Amino acid sequence: MVPSKRIVELDCIRGITAFIVVFFHFSGGTFLFPFFRLFAGGTDLFFIISGFVGYNLLRSNPSVVEYCLKRFLRLIPMFWICASLTFGCMFLYNLKHGVPVGALVTQYFYNLAFLNYFQDIPFLDGVYWTLLVEVLFYALLAVILWTRGEQYVELGGALFLGYLFITSIIPLGSFKPTHIAILNGFPLLIVWPSFYAGIIFNKIKYEKSSVGRWTLIGLCLLTSILAISNSNYIHGVVNLLSPAENVAMTLLYFLVFYLAINSYLPFFINKGSLFLAQISYCLYLIHNEIGRLFIQPKLKMLPMFWQINLMAGCVLVVAYLLSYFIVRPLLKKLHSKFIFTKREAVGKIQVQQSNSELIM
């Protein structure tokens, strides 16, 4: 497969969406919430982007080790740093209010390993469920890469999609407990229509557009709408939307994504959105509990409108400082140490093989 270039619009959309999610979480109980609650399912747009970008990684034909290293460095160090900051804030909060911290410490370490969900231990921060499904998605792609099964991605993904579609339109009866167990055992399946839509959009853009692939996109869209009740098992806030709102917002996410990958949204690229794109991952990970436990109590004498805006401004500053002065320098060192070292090793092996062939 031929590698494809980065689409800046997607980075900007991810940054803008992360910022909207911040306001969705901060505006609860205020006059702003009826608007921001419409974006309760905004993570679907994140997952479409991840499906598209994740499949791009397979296009560059990386080794399994290189692929896993890149994904690890992209997702995990930032998560560990932000989770540790959130834990520290929650730990101090509990000590201040006389709340035992033993369970919190256990919760923290299970969260770091993404094992908490499978042990019925709460996420340290409610938004961390999205990291779990992201990790599961990239792990699935790693298995596909390892088994050289790229040619089966489209068919295999369609089978998963078909299962979700069928189980969303027919009464499950006695099969329902089994269905719930399947979803709980592999939560990536709950949001699979969004990830798979990103993969198919990638194939349409870089390989071939066909009636079959557009039919799959339509089925992803339809299944996302019909199978909304599956989200109760991991992300129940989407039930804040009425059926009509769910249809409209899901259509909007798919439409915005399609327009972005075809360069129809150049106005999304500006200094503000580029800045948000740079800090979006950190902003998404740290805003919720830190804003609720530490920032909002200090602003409670102000009108709610100003509380929300000042909270958003504070977490933007924290995300900026973490991203630019801690995480980015750390990732630069780790990337230089592991990725380049791996490439040099591969290059030496290739040279040795070439020299052996010349001698023979």
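Since this is a predicted model, take the numbers as computed values, not measurements. Sequential numbering from 1 along the given sequence is applied to the chain's residues.
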Visitor: Report the relative orientation of the aromatic rings in Y163 and H179; use parallel for angles under 30°, tilted for 30 to 60°, perpendicular for over 60°.
Guide: tilted
Visitor: Under 6.0 Å from the ring centre and within 45 degrees of the ring axis: does the NZ or CZ of R74 meet both conditions for the six-membered ring of Y281?
Guide: yes
Visitor: Take F72 and W80 through the test ring-ring contact (aromatic ring centres under 6.0 Å, His included) and record every step on the way to the result.
Guide: CA-CA 11 Å; F72 179 88; W80 282 348; 5.7 Å; yes
Visitor: Would you sort out whether F31 and F35 count as a ring-ring contact (aromatic ring centres under 6.0 Å, His included), showing the intermediate values?
Guide: CA-CA 8 Å; F31 69 95; F35 170 72; over 10 Å; no
Visitor: Just checking Y110: does its OH atom have more than 12 heavy atoms from other residues, nucleotides or ligands closer to it than 6.0 angstrom?
Guide: no
Visitor: I'd like to know whether the aromatic ring centres of F123 and Y128 sit less than 6.0 Å apart in this structure.
Guide: no
Visitor: Under a 4.5 Å cut-off applied to non-hydrogen side-chain atoms, are I180 and K176 in contact?
Guide: yes
Visitor: Decide, yes or no, whether a salt bridge links R59 with E207 under the criterion of side-chain N to carboxylate O below 4.0 Å.
Guide: yes
Visitor: Could you label the plane-to-plane angle of the H287 and Y284 rings as parallel, tilted or perpendicular, counting under 30° as parallel and over 60° as perpendicular?
Guide: tilted
Visitor: Ring-plane angle category for Y196 and W192, please: parallel below 30°, perpendicular beyond 60°, tilted otherwise.
Guide: parallel
Visitor: Ring-plane angle category for Y67 and Y138, please: parallel below 30°, perpendicular beyond 60°, tilted otherwise.
Guide: tilted
Visitor: Measure up the F257 and F52 rings against each other and bin them: parallel (under 30°), tilted (30 to 60°), perpendicular (over 60°).
Guide: perpendicular
Visitor: Mind telling me whether F114 and F79 have parallel, tilted or perpendicular rings, with 30° and 60° as the class edges?
Guide: parallel
